[in-house]
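Given the structure is predicted, the values throughout are model-derived calculations rather than measurements. The chains referred to below are lettered A, B, ... by the order of the sequence lines, with proteins before strands, and numbering in each begins at 1.
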Amino acid sequence: MSAFALIDCNNFYASCERAFRPELRHRPVVVLSNNDGCVIARSNEAKSLGVVMGTPYFKCKTLLEHHGVAVFSSNYALYGDLSARVMRILARFCSNVEIYSIDEAFADFSGIPGGTMTFARRLKATVEAWTGIPISIGIGATKTLAKLANRFAKKHPRCQGVFDLTASPAPDLVLKSTEIGDVWGIGPRHAKRLRSLGVSNAHVFRSQKRDWVKKKMTVTGLHTLLELRGMPCLDFATGPVAKKTIVSSRSFGHPVTRYEDLLEAAAQYTTRAAERLRRQQAVTSHVHFFLQTNTFKRGHPQYSNAAQVPLLIATSHTPTLIKAAHSGLKRIYRKGYTFKKCGVMLSGLEPVNGRWLNLLDLPPESGSRHEPLMQAVDAMNARWGQDTVKFAASGLNGSWHMRRNHRSPRYTTVWKELLEVHAS
DNA sequence: TCTGGGGTCCTAGGACCC
DNA sequence: TCTGGGGTCCTAGGACCC
């Protein structure tokens with residue numbers, strides 16, 4: 001029988017901050033979203049203080065200060081690098097590792113000699129010793145059951161972070177103790193509806209009729225049902241899956257009214273999106289630009305709109321894409337509004353080597369200088385850090401830039417910010 | 001004053017074709 | 001009340017994930 005493992009990092013962003021600040025080991029830690037907006041990660045101590053996920057920072061600031069909570073702005077350079085370290089270790093010891101998110105991976109635990117529990121415990125100790133990041137491991141006959149086992153491992157201290165549902169003497173009890181909304185694939189909407197029908201936990205859900213579930217929750221709900229019964233519907237994704245769309249958007253650090261600021265922000269976000277596009281060796285045929293005012297400000301005039309700009313030739317050439325984003329902005333910009341957010345979406349992605357050419361295309365030589373240029377830009381920025389070279393259209397220090405008042409050093413990716421150790 | 005960002009999949013319904 | 005049948009493509013909206 002096949003066995004899936006779901007391996008995830010505990011309170012990942014908070015654990016990353018702690019990895020380089022051992023004195024925070026027993027202090028509550030929270031990490032904020034971009035612009036220091038909301039709480040998006042909490043250490044266990046912060047959770048028990050009652051700090052709720054997603055709470056706006058300004059609403060819980062007093063509580064955090066009162067309890068001496070260490071507060072961090074998000075530092076994605078650090079989290080991305082520590083994530084890569086964890087994933088490399090998993091790939092070294094496990095077969096079929098599928099990276100599911102920045103802090104989670106599925107792995108194939110079928111037929112491990114000596115038993116899954118021993119292997120899992122050893123793996124957990126290794127990751128923690130080599131990276132400083134604590135992890136939990138759940139094992140089940142399907143991905144959905146592995147997820148469920150992982151939750152159980154975290155919740156019950158006697159599991160010590162590892163739980164194998166396939167070897168559990170009472171799997172039904174585990175399903176009964178899993179609230180319906182905590183099942184992977186069942187979101188708040190469906191959970192509410194199911195609860196009102198008396199389907200309150202994973203065990204009750206599992207015994208529902210297939211047709212009924214499919215009718216109410218489409219085939220995705222049916223997959224969840226069958227997975228809970230131990231029939232795998234979701235297999236390992238082989239290799240990184242190419243994205244179908246790429247979005248780059250941000251809320252502004254300060255409200256924006258000036259057209260020039262929007263031009264800069266559009267250029268900056270397009271630059272980021274184009275970098276990701278080239279990294280997956282693709283080109284895009286459509287640039288979408290969207291902007292919106294602050295929807296939380298009731299009573300203020302609201303406006304949001306989006307424009308789609310088709311490209312004659314699919315490309316990943318940043319200046320071409322910036323021009324397209326700017327023409328989208330020009331179409332939908334309205335004077336007199338205070339904007340909160342804008343963004344760029346690239347769609348119609350195709351592999352760079354298999355792209356469709358337009359009948360009216362000039363010969364390939366016409367863009368022949370684009371590719372080496374972008375390669376050179378990417379290489380320089382990879383070597384010396386993001387934005388070592390950048391396009392003037394992005395501006396230098398626009399007031400629209402993100403607020404990040406509590407960012408920790410990028411210990412592992414920027415030389416100047418390396419951890420210093422002083423002998424005393 | 002202050003409320004994140006980036007994705008996927010599924011379905012229904014409209015436009016359009018012969 | 002009744003208005004052909006069958007198909008494709010696209011988009012918007014809903015639901016979910018981290």
Considering every strand and a 4.0 Å limit on heavy-atom distances, what is the contact class for Val31(A): base, sugar-phosphate, or nothing?
nothing

Pull out every residue in residues 45-59 of chain A that has a heavy atom closer than 4.0 Å to any atom of DNA chain B, ordered by number, or say none.
Pro56(A), Phe58(A)

Can you confirm whether Ile332(A) sits close enough to Phe289(A) that some side-chain heavy atom of one is under 4.5 Å from a side-chain heavy atom of the other?
yes

Side chains of residues 52-67 of chain A: which donor-acceptor pairs under 3.5 Å do they make with residues two or more places apart or in other chains?
from     : atom 1 : to       : atom 2 : distance (Å)
Thr55(A) : OG1    : Val52(A) : O      : 2.5
His67(A) : ND1    : Leu63(A) : O      : 3.1

Applying a 4.0 Å non-hydrogen cut-off, can you work out what Asn35(A) is touching in the nucleic acid: base, sugar-phosphate, or nothing?
nothing

Base, sugar-phosphate or nothing for Lys147(A)? Non-hydrogen atoms, less than 4.0 Å.
sugar-phosphate

Give me, pair by pair, the N or O atoms of the protein and of nucleotides 7-11 of chain B that are less than 3.5 Å apart, along with how far apart they are.
from   : atom 1 : to        : atom 2 : distance (Å)
dG7(B) : OP1    : Arg276(A) : NH1    : 2.2
dG7(B) : OP2    : Val247(A) : N      : 2.4
dG7(B) : OP2    : Val247(A) : O      : 3.4
dT8(B) : OP1    : Lys244(A) : N      : 2.9
dT8(B) : OP2    : Thr245(A) : OG1    : 3.1
dC9(B) : OP2    : Lys244(A) : NZ     : 2.9

Is the distance from OP1 or OP2 of dT3(B) to the nearest side-chain N or O of Ser33(A) less than 4.0 Å?
no

Which dot-bracket string fits DNA chain B when only Watson-Crick or G-U wobble pairs with both atom distances under 3.5 Å count, crossing pairs get [ ], and | stands for a partner on a different strand?
....||||||||||||||

Find the distance Arg151(A):CZ to dC17(C):P and express it as a whole number of Å.
11 Å

Across the strands shown, which category fits Ile186(A) at heavy-atom distances under 4.0 angstrom: base, sugar-phosphate, nothing?
sugar-phosphate

For a quick test of your reading: what N or O donor-acceptor pairs under 3.5 Å do the side chains of residues 242-249 of chain A make, sequence neighbours left out?
from      : atom 1 : to        : atom 2 : distance (Å)
Ser248(A) : OG     : Tyr269(A) : O      : 3.3

Give, ordered by number, those residues of residues 325-342 of chain A having at least one heavy-atom distance below 4.0 Å to an atom of DNA chain B; if nothing qualifies, reply none.
Lys340(A), Lys341(A)

Whether Arg250(A) contacts dG6(B) is assessed here as follows: a side-chain N or O lying under 4.0 Å from the phosphate OP1 or OP2. Is that the case?
yes

Rounded to whole angstrom, note down the P distance from dC18(C) over to dT3(B).
25 Å

